[in-house]
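Notes to accompany the following structure.
As the structure lists them, so they are numbered: ligands from 1, and atoms in each ligand from 1. The chain is numbered in sequence order, starting from 1.
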Amino acid sequence: MKLSLVVPCYNEESNVLEFFNEVNNAFLCYVDDYEFVFVNDGSDDRTYRNLRVIYETNTAYNIQVLSFSRNFGKESAMYAGLKAAKGDYVCIIDADLQQRPEIVLKMLDEMEADPYIDCVAAYQEERNEGAFLTKFKSAFYKIINKLAEVDFVNGASDFRLLNRKMVDAIISMSEYHRFSKGIFSWVGFNTKYIPYEAEDREYGESKWSFLKLFKYAIDGIVAFSTLPLRLSTATGFITASVSIIYLIAVVLQKLIKGIDVPGYATIIVLILFLGGMQLFCLGILGEYLAKVYVQVKNRPLYILKEHLGKNDEND
Ligand code: UDP
Ligand code: MG
């Protein structure tokens with residue numbers, strides 16, 4: 001098998017058939033040896049039924065449909081898809097047609113033109129979303145690039161073509177809190193970035209609320225940097241030092257000049273400040289501890305309910 005398309009689907013009932021047709025049209029004269037790996041991430045609409053119909057009525061095509069027992073999130077869906085994919089090249093692509101299948105052909109060309117490239121990743125030069133969200137995302141990339149030891153490219157999505165070596169490396173990382181953008185960089189290999197323009201969603205709506213994005217951003221930082229822990233140590237150290245200096249100054253003032261410093265307000269402010277600082281640092285510690293707690297439970301990343309086409313080989 002030359003190419004596998006890994007397609008995470010969560011409530012995409014109106015998109016999956018159109019996606020399937022559009023890919024087949026785009027690939028018609030260019031690629032013939034490819035498979036679809038649809039991952040139904042616990043959708044509560046008719047996505048799975050529609051995927052099943054696609055699978056049953058298109059026996060000439062290579063199609064796998066994995067279905068989770070509930071919604072485990074796109075990260076788990078991508079991981080399951082990568083594990084099931086049989087292709088020499090694997091492309092992760094959304095089901096909502098925001099990422100055009102024609103770009104996959106461009107990625108394939110880039111990949112085949114240079115044997116030293118292991119991954120072709122598409123990035124959005126211009127995001128067609130609100131100014132606030134764009135600012136939030138660029139701030140996130142600035143912060144995470146300062147904190148983490150691996151590079152994160154602003155605008156690069158999960159839409160990318162990987163070769164077998166890189167896919168195997170990614171599968172070998174089975175951590176529970178997955179943050180693919182970091183994992184792609186962490187495993188190394190040579191990545192070529194090509195610009196693309198995201199289309200508008202065909203049907204349905206984005207699953208990302210601002211709160212979800214914010215949580216995802218924090219998860220990314222915690223997963224790829226331990227610097228916040230060290231920062232909290234540093235802040236603790238600095239505030240403690242400043243308060244000792246302040247104490248010495250007050251004592252000296254009293255001893256030398258005999259001035260009684262009226263300290264009620266200062267003490268309240270200091271107590272609140274130190275209390276706040278301590279809670280803040282405890283919070284950072286808690287973020288890491290919570291991740292460790294979940295990881296040591298060693299729960300699976302997803303639970304598979306169905307796997308259609310697992311052993312089919314149509315070519
Ligand atoms: N998705 C998923 N599980 C989720 C959320 C999203 O598999 O919990 C899929 C979704 O069906 C789509 C892709 O991930 O194919 C990208 O999601 P979405 O379009 O909502 O994200 P956006 O394009 O807005 O970043
Ligand atoms: Mg989308």
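- Considering only non-hydrogen protein atoms, atom 14 (O) of ligand 1 sits nearest to K74 CD, 3.3 Å.
- Among all protein heavy atoms, the one lying closest to atom 21 (O) of ligand 1 is W208 CD1, 3.2 Å.
- D96 contributes atom OD2 as its closest N/O/S atom to the Mg ion (ligand 2).
- Ion pair K291/D219 flagged as a salt bridge, since at least one NZ, NE, NH1 or NH2 atom sits closer than 4.0 Å to an Asp/Glu carboxylate oxygen.
- Between R49 and E13, no side-chain nitrogen of the basic residue sits less than 4.0 Å from a carboxylate oxygen of the acidic one, so the salt-bridge criterion is not met.
- Of the protein's non-hydrogen atoms, R201 NH2, 3.7 Å is the one closest to atom 18 (P) of ligand 1.
- The protein non-hydrogen atom at the shortest distance from atom 6 (C) of ligand 1 is K207 CG, 3.6 Å.
- When hydrophobic clusters are built by joining Ile, Leu, Val, Met, Phe, Trp and Tyr residues whose side-chain heavy atoms come closer than 4.5 Å, directly or via intermediates, L289 is not grouped with V294.
- Annotation for L211: atom CG does not count as buried by contact number, only 12 or fewer foreign heavy atoms lying within 6.0 Å.
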Practice prompt. Before giving the answer on ring-ring contact (aromatic ring centres under 6.0 Å, His included), spell out for F179 and Y216 the whole-Å C-alpha distance, their side-chain angles and the decisive distance to 0.1 Å.
Written response: CA-CA 8 Å; F179 189 73; Y216 189 60; 4.8 Å; yes
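- Distances below 4.0 Å separate heavy atoms of D96 from the following atoms of ligand 1: 19 (O), 23 (O).
- With ligand atoms numbered from 1 in the order given, ligand 1 contributes 2 (C), 3 (N), 4 (C), 7 (O), 8 (O) to contacts under 4.0 Å with heavy atoms of D41.
- Summarising the geometry, atom SG belonging to C281 is positioned 9.5 Å from atom CG belonging to L279; distances are rounded to the nearest 0.5 Å.
- Because the distance cut-off is set at 2.8 Å, Q98 qualifies as a neighbour of the Mg ion (ligand 2) through one of its N, O or S atoms.
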Worksheet item: For F20 and Y61, what are the C-alpha separation, side-chain angles and deciding distance, and is it a ring-ring contact (aromatic ring centres under 6.0 Å, His included)?
Response: CA-CA 10 Å; F20 178 73; Y61 289 89; 5.3 Å; yes
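- The single protein non-hydrogen atom nearest to atom 24 (O) of ligand 1 is S206 OG, 2.6 Å, given as residue, atom name and distance.
- For atom 12 (C) of ligand 1, the nearest non-hydrogen atom from the set E12, Q98, E75 belongs to E12.
- Among all non-hydrogen protein atoms, the one lying nearest atom 2 (C) of ligand 1 is Y10 CB, 3.4 Å.
- Under a 4.0 Å criterion applied to the non-hydrogen atoms of C9, ligand 1 contributes the atoms 7 (O), 11 (O).
- If you look at V7 next to ligand 1, there are no close heavy atoms at all, none under 4.0 Å.
- Cation-pi geometry between R70 and F72 is satisfied (NZ or CZ under 6.0 Å from the ring centre, within 45° of the ring normal).
- Contacts with ligand 1 closer than 4.0 Å are made by heavy atoms of both the backbone and the side chain of P8.
- Using the six-membered ring where Trp is involved, F136 and F214 have ring planes that are tilted, between 30° and 60° apart.
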